[in-house]
Amino acid sequence: MAGDDMILKECDRGMIYMPEGDVKISVEVRFSKENITLYFEGFHFQDARIKARVDFYDVQQGLITTESEVLIKRNPAYPTSPYPWIGECKVIKCNETKQRQMDVRASVDIEWQFYHDDPKLGGDFFATIRNLSAGGVYIETVETLAPQELVRFRFKFNKKDRTFLLETVWGKMADEIHMGYGLRFINLQPGDEANIRNYVFRRLIENHRANEE
């Protein structure tokens, strides 16, 4: 369908759930107004027409979950193209789009430096980022944060390292020592949300590949 209502806006990665064997495969995605093409790494495929769940990681819209029909065939551009197999994808049904506060999250384990926005409340402190999305982050720390308190941190979601502002939304005890806090991004600049979401999608792909190894 790609094309029926242009469900994709800015997407280059996806995940197809093969109907047999409960196998998930990461794919590169290319699309136009008329079609969606999935590009498969590796050679362990065969000509087939299947119905499968296909998730698209759209930078602008979020995670789009679909029921699709995929025609898997040899890539006529191989070996010029690095992908020996492709799939012509026709979206039958769009099931769900997750974005903003319902956005897809990537599990991470990143020790990072944060700063109280109000110097009267303290200076810098360290926290472990446990997951993040285009809407915000979840951290664990020994530092005490007040509801609606603002904190800052520097991070490189694309090629540019810059400072982001976060607001404390909720808190809970993570363990006997650490507090867990949900923080949301505020005052994002144009393009920030897309950059953050693209980073999240890259981490999801990396996590999936690591689990396969």
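Model, not experiment: these values are computed from the prediction.
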Tell me which one of V70, I64, T65 satisfies side-chain contact (heavy atoms from CB on, under 4.5 Å) with V54.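 Filter result, single survivor: V70.
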
Considering the options R53, M15, M18, which one meets the side-chain contact (heavy atoms from CB on, under 4.5 Å) requirement together with K24?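 Exactly one candidate clears the test, M15.
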
Does one hydrophobic cluster hold both [X] and [Y], with members joined at side-chain heavy-atom distances below 4.5 Å?
X    : Y    : answer
Y115 : L145 : no
F201 : L188 : yes
F45  : I50  : yes
L132 : V169 : no
V137 : F125 : yes

To the nearest 0.5 Å, what is the distance between [atom1] on [X] and [atom2] on [Y]?
X    : Y    : atom1 : atom2 : result
S26  : I16  : OG    : CD1   : 11.0 Å
R203 : S133 : CZ    : OG    : 14.0 Å
K90  : N35  : NZ    : CG    : 12.5 Å
T37  : F31  : OG1   : CZ    : 11.0 Å
C94  : I7   : SG    : CD1   : 5.5 Å

Tell me, do [X] and [Y] make a side-chain contact under 4.5 Å, heavy atoms counted?
X    : Y    : value
F56  : V91  : yes
E67  : N95  : yes
Y39  : V27  : no
D117 : L165 : yes
I92  : T66  : no

Residues in side chain to side chain contact (heavy atoms under 4.5 Å, CB included) contact with W112, at least two apart in sequence or another chain: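 Only I110, F114, I129, F153, F155 meet the side chain to side chain contact (heavy atoms under 4.5 Å, CB included) criterion with W112.
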
side-chain hydrogen bond (donor to acceptor under 3.5 Å, both in side chains) contacts in which one or both residues fall within residues 179-189, not counting sequence neighbours: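 Sorted result for residues 179-189: E167-R184.
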
Parallel, tilted or perpendicular: which fits the ring planes of F185 and F164, with parallel below 30° and perpendicular above 60°?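 Perpendicular: the ring planes of F185 and F164 meet at over 60°.
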
Using only atom types and a distance under 3.5 Å, with no angle test, would you say the side chain of [X] pairs donor to acceptor with the backbone of [Y]?
X    : Y    : result
R13  : R202 : no
T141 : F126 : yes
T168 : E149 : yes
N195 : F157 : no

Quick one: which of R30, R49, K73, R74 gives a salt bridge (charged side-chain N to carboxylate O under 4.0 Å, His left out) with E88?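 The single option meeting the salt bridge (charged side-chain N to carboxylate O under 4.0 Å, His left out) with E88 is K73.
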
Are there over 12 heavy-atom neighbours, none belonging to Q148, within less than 6.0 Å of that residue's CD?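 No, CD of Q148 has 12 or fewer neighbouring heavy atoms, counting only those of other groups under 6.0 Å.
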
R162 atom CZ: more than 12 heavy-atom contacts under 6.0 Å: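 Check passes, neighbour count above 12.
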
With sequence neighbours excluded, residues passing salt bridge (charged side-chain N to carboxylate O under 4.0 Å, His left out) with D47: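 Counting only residues at least two positions away or on another chain, D47 forms no salt bridge (charged side-chain N to carboxylate O under 4.0 Å, His left out).
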
